[in-house]
Amino acid sequence: MNLQTILTIKVKQAILKQFTIELPTVEFQPTRKDFEGDITVMVFPMLRHIKGNPVKIGEQIGAFLEQEVDAVSGFNVIQGFLNLVISDAYYLNFFEGIKNDSNYGFAIEVKKNAVMVEYSSPNTNKPLHLGHIRNNLLGYSVAEILKASGRKVYKTQIINDRGIHICKSMLAWQRFGDGETPESTGLKGDKLVGNYYVAFDKAYKKQVAQKVKGGIDPKVAEKEAPILLEAQEMLQKWEAGDKETVALWKTMNGWVYKGFEETYKNLGVDFDTLYYESDTYLLGKDVVEEGLQKDVFYRRDDGSVWIDLTDDGLDEKIILRSDGTAVYMTQDIGTAIQRIKDRPDVGGMVYTVGNEQDYHFKVLFLILKKLGYEWADSLYHLSYGMVDLPSGKMKSREGTVVDADDLMNDMTQTAAEISEELGKLEGYSNTEKRDLYKMIGLGALKYYILKVDPKKRILFNPEESVDFQGNTGPFIQYTYARIQSILRKAEELDSLGFQNLTGMNRSLHPKEKELIKQLQGYPETIQLAAENLSPALIANYTYDLVKEFNSFYQQVSILGEEDGQKKLQRVALSRKVGQVIKSAFGLLGIEVPDRM
RNA sequence: GGUCCUGUGGCGCAACUGGAUAGCGCAUCUGACUACGAAUCAGAAGGUUACAAGUUCGAAUCUUGUCAGGAUCACCA
């Protein structure tokens, strides 16, 4: 039983005994640094149930706790705050308990329902960019956090491999490609295909401009540009299964997949199951019938099918076009149901999709609920803000994007420059160095993105490189490396036999106590991060821990400590902090180095 | 126009979900490498939490209104 649970029981007892009143809840918070104590009991909320002076009540509770709970070694009351001093022995004992727990912080019990986390889900007509990076990092991290919190997780993505967008690239390649392949050009497949997407847009704009010049209304011109009509024709041919079209489609998608694979590998993300839109785009049509029967949907005179959500504060939404073809919503309904069929243990889903689709998901979830699927209550839209550039939105067609591969390379390059300058890597081979630079560069990038609340939009300025100092990934990696350095030295000492010391009846340095308190918060931070689908909470926690450790490191001698017992415990504490850093960063998808 | 999200020192972010004197990093200024790694640490300066009312013992957090930025409201995806 953890301390807070014990204290809750005891506080309730105290109140029951002294006021014969049953308190429903007791609120705690860590004692602020400016006051003496470790844990604070909030007295104010109790005043709703007990009449009296908060200071007096606090003192009565405090006295009772000091008497009854071993861990409480003192208290003071300031206004409505009862600050409890917790004994060093308690913290030492707590630390002994977690010291050798290599899985510390992770939930032991696995919860019943698995959860499917969808992220990435790119279109296959262009390379991944910074926006996808945010999506990927968030999705991957949330999946890892959910696992740590005790959920079974399936990572998935739906690859948008069909549609007008890929046809545009295909057409442009046919037209201007001259038989180019990734092999012949040395270009990454996704880049090559992306170039033709841009080429299409250029040709298209030219045609539109010409038409407008010839006196045609711009809106009409946009719809009637020959090249666009051809692309639409191509899409129809694809849907009809035209051999040649499908073959080209397969080839070009194949190039893209190979390119994506490389990017994902570099980024360090992975998936358990893949869905392809070309397999799922027809799903959901049969559900329309079901919805009509249940009177959730209705049919209009022209044959189109709708749902009326005005009673829920939304509007009317189309489910099926009058020509009987599906819209995006139809697919999403069908795909969601399909996923549950494929994985019956799944009880919920997380969709990592930008906030521009907030409304779409609101509607989707509501529809599934109205259709009567009980898992509809466990669907979450992990909505995140756009990554914008100082110049505005990123647009692939206009080439104003920060390319994912380029960015990762730049980050690695910057890390290399800084490392070379500091020159601490004697004895490292070139490959070791390269791996390390990548680890640090990506650490900086990932932390930079993940430490921000997902909801907020990010303004990314490529001119100002991501920091490597202060509240950054490399700062935390550095601390980890430093700890490893201590441990290497401690090992040498181990051989002298000092590890046989035992006993823990000693006082803690205030910095040690703070560190243990910080460590204590890891499991609940994981749970909180899982509930809120927020890697930012893990990032912030890790930063606080590391800051605390660096302060400890500065003020307290570890290997220089003469008392063998203390030295041993400080080494153990450092090791534990290192483990938690590694574990927490693992949840963010960031690696940590032994040296840097 | 309707709906949703965001607004915290110059800049970038926190604040344990309603608690104490709003924390941290960059940038600026001051100190600390013959100390376990200075990608570090210690300190200074910098705030009417966009604005205004309200709710209560207590508001950055909840309510309402205003302002600013963003998103969204297609038989597009």
Side-chain angles (χ1 to χ4, degrees), chain A residues 27-35 40 42-45 47-48 54 78-81 83 123 160 163-165 277 281 300 302-306 313-315 317-329 331-332 354-360 362 383 385-386 388 393 415 418-419 421-422 424 440 444 448 451-453 455-459 461 464 467-479 481-490 521 524-525 528 532 536-537 539-541 543-544 546-547 550-561 567 570-571 574 595-596:
Chain A
E27 289 178 43
F28 298 92
Q29 70 177 311
T31 304
R32 291 183 66 114
K33 290 234 164 91
D34 340 298
F35 301 96
T40 297
M42 315 296 300
V43 183
F44 280 123
L47 297 180
R48 256 165 242 150
I78 295 164
Q79 297 169 40
F81 303 92
N83 301 321
N123 288 350
N160 299 306
I164 191 72
H165 50 82
E277 199 198 343
Y281 81 107
R300 286 190 184 170
D302 61 5
S304 58
V305 177
W306 295 73
L314 306 171
D315 54 18
K317 203 79 193 167
I318 189 156
I319 305 294
L320 203 65
R321 279 191 275 247
S322 52
D323 64 3
T325 56
V327 291
Y328 195 44
M329 188 62 75
Q331 275 185 57
D332 270 3
N355 63 10
E356 51 196 355
Q357 293 191 34
D358 283 357
Y359 185 70
H360 174 79
K362 217 174 183 176
S383 165
M386 295 289 106
D388 290 327
K393 270 193 107 159
I418 295 172
S419 290
E421 203 173 306
L422 293 171
K424 296 177 183 176
I440 298 170
Y448 174 83
K451 76 167 180 185
V452 183
D453 182 340
K455 272 189 303 207
K456 296 189 177 174
R457 70 184 200 126
I458 292 181
L459 225 153
N461 189 347
E464 301 164 14
D467 273 334
F468 284 67
Q469 271 164 14
N471 186 357
T472 66
F475 165 76
I476 291 165
Q477 289 172 320
Y478 173 75
T479 305
R482 216 184 205 182
I483 290 171
Q484 301 318 300
S485 172
I486 294 171
L487 297 180
R488 281 192 295 270
K489 294 209 162 98
E524 54 183 297
T525 302
L528 204 63
N532 292 302
L537 296 177
N540 290 329
Y541 168 81
Y543 177 68
D544 290 339
V546 161
K547 211 157 161 35
N550 280 329
S551 178
F552 158 78
Y553 175 90
Q554 188 74 18
Q555 281 187 38
V556 182
S557 187
I558 300 167
L559 298 174
E561 171 59 44
K567 188 200 286 194
R570 284 176 190 167
V571 170
S574 303
R595 285 173 59 187
M596 68 185 274

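So that the names make sense, note that chain A is the first sequence line, chain B the second, and so on, each numbered from 1. Remember, it's a predicted structure, so these values are computed and weren't measured experimentally.
One P atom belongs to rA59(B), the other to rU21(B), and the distance between them is 10 Å to the nearest Å. Comparing the C1' positions of rU49(B) and rG43(B) gives a spacing of 26 Å, expressed to the nearest Å. Separating the P atom of rC41(B) from that of rA50(B) is a span of 29 Å, rounded to the nearest Å. Here, rU66(B) and rU30(B) have their C1' atoms 44 Å apart, quoted to the whole Å. Nucleotides rC51(B) and rC67(B) are separated by 7 Å at their C1' atoms, to the nearest Å. Nucleotides rC16(B) and rA77(B) have their C1' atoms positioned 40 Å apart, rounded to a whole Å. Spacing of C1' atoms, rA60(B) relative to rA22(B), comes out at 8 Å, to the nearest Å. Remark: the separation of the P atoms in rC11(B) and rA53(B) is 25 Å, to the nearest Å.
Using a 4.0 Å heavy-atom criterion, one finds that S419(A) contacts the bases of the nucleic acid, with or without backbone contacts as well. Across all strands shown, T40(A) has heavy atoms under 4.0 Å from base atoms, whether or not it also approaches the sugar-phosphate. Within the 4.0 angstrom heavy-atom criterion, no nucleotide atom of any strand lies near P54(A). The residue I440(A) sits close to a base: some heavy atom pair falls under 4.0 Å. As judged by a 4.0 angstrom heavy-atom cut-off over every strand, V556(A) is placed among the base-contacting residues. Residue E277(A) is in sugar-phosphate contact alone, with no base atom involved, counting any heavy-atom pair closer than 4.0 Å across all strands shown. Heavy atoms of S551(A) sit under 4.0 angstrom from primed sugar atoms or phosphate atoms, though from no base atom. Using a 4.0 Å heavy-atom criterion, one finds that Y448(A) contacts no nucleic acid atom at all. Residue A536(A) is classed as having no contact, given no heavy-atom separation below 4.0 Å to the nucleic acid. At the heavy-atom level, F81(A) lies under 4.0 Å from base atoms of the strands shown.
For the pair F475(A) CZ and rA14(B) C1', the interatomic distance rounds to 15 Å; values are reported in whole Å. Atom CD in Q357(A) sits roughly 14 Å away from atom C1' in rC73(B) (whole-Å rounding). Atom CG in D453(A) sits about 15 Å away from atom C1' in rC16(B), given to the nearest Å. The interatomic distance linking L47(A) (CG) with rG19(B) (P) rounds to 16 Å, in whole Å. Whole-Å rounding puts the Q29(A) CD to rG58(B) C1' distance at 12 Å. Remark: C1' of rG70(B) and CG of N355(A) are 8 Å apart, rounded to the nearest angstrom. The distance between atom CE of M596(A) and atom P of rA38(B), rounded to the nearest whole Å, is 13 Å. Rounded to a whole Å, the NE2 atom of H360(A) is 18 Å from the C1' atom of rC5(B).
Contact annotation: R482(A) side-chain N/O to rA38(B) OP1/OP2 distance is under 4.0 Å. Distances shown here put a side-chain N or O of K547(A) below 4.0 Å from the OP1 or OP2 atom of rG25(B). For N471(A) and rC13(B), the shortest distance from a side-chain N or O to OP1 or OP2 is not below 4.0 Å. Contact annotation: R48(A) does not reach the phosphate of rU56(B) (side-chain N/O to OP1 or OP2, under 4.0 Å). In this model, the phosphate group of rU6(B) is approached by a side-chain N or O of K455(A) to a distance below 4.0 Å at OP1 or OP2. Between R32(A) and the phosphate of rA20(B), there is a side-chain N or O to OP1/OP2 separation shorter than 4.0 Å. Between Y478(A) and rA39(B) there is a side-chain polar atom (N or O) within less than 4.0 angstrom of OP1 or OP2. Contact check, K456(A) against rA71(B): no side-chain N or O comes under 4.0 Å of OP1 or OP2.
The shortest distance between side-chain heavy atoms of K317(A) and Y359(A) falls below 4.5 Å. Within the 4.5 Å cutoff, side-chain heavy atoms of N471(A) are placed close to those of K451(A).
Checking rC33(B) for Watson-Crick or G-U wobble geometry (two distances, each under 3.5 Å) identifies no partner in any strand. Base pairing analysis places rU28(B) opposite rA44(B); the two distances defining the Watson-Crick or G-U wobble pair are each below 3.5 Å.
Both E356(A) and V546(A) sit near RNA chain B, but only V546(A) has its closest nucleotide nearer the 5' end. Between K393(A) and E464(A), the one whose closest nucleotide on RNA chain B sits nearer the 5' end is E464(A).
Put simply, the side chain of N532(A) and the base of rU17(B) share a donor and an acceptor less than 3.5 Å apart. The base of rA20(B) lies close enough to the side chain of N83(A) for a donor and an acceptor atom to sit less than 3.5 Å apart.
A distance of 9.0 Å separates CG of D315(A) from CH2 of W306(A), quoted to the nearest 0.5 Å. Separation of atoms CD (E277(A)) and CG (N123(A)) is listed at 8.0 Å; rounding is to 0.5 Å. Between Q29(A) atom CD and F81(A) atom CZ the span is 6.5 Å, to the nearest 0.5 Å.
Neither side chain, N355(A) nor R457(A), offers a donor N or O lying under 3.5 Å from an acceptor on the other. A donor-acceptor pair shorter than 3.5 Å cannot be found between the side chains of T472(A) and D467(A). H360(A) and D332(A) share a side-chain donor-acceptor pair at under 3.5 Å.
By the 5.5 angstrom centroid cut-off and the 30-degree plane limit, F44(A) is classified as stacked against the base of rC57(B).
The side chain of Y553(A) has rA38(B) as its nearest neighbour among rA38(B), rA39(B), rG25(B). Among rC73(B), rA77(B), rC41(B), the nucleotide with an atom closest to any side-chain atom of V327(A) is rA77(B).
In this structure, rU17(B) is classed as syn because its glycosidic torsion stays within 90° of zero. With a glycosidic angle no further than 90° from 0, rC33(B) counts as syn.
Ring-centre distance between F475(A) and Y543(A): below the 6.0 Å cut-off.
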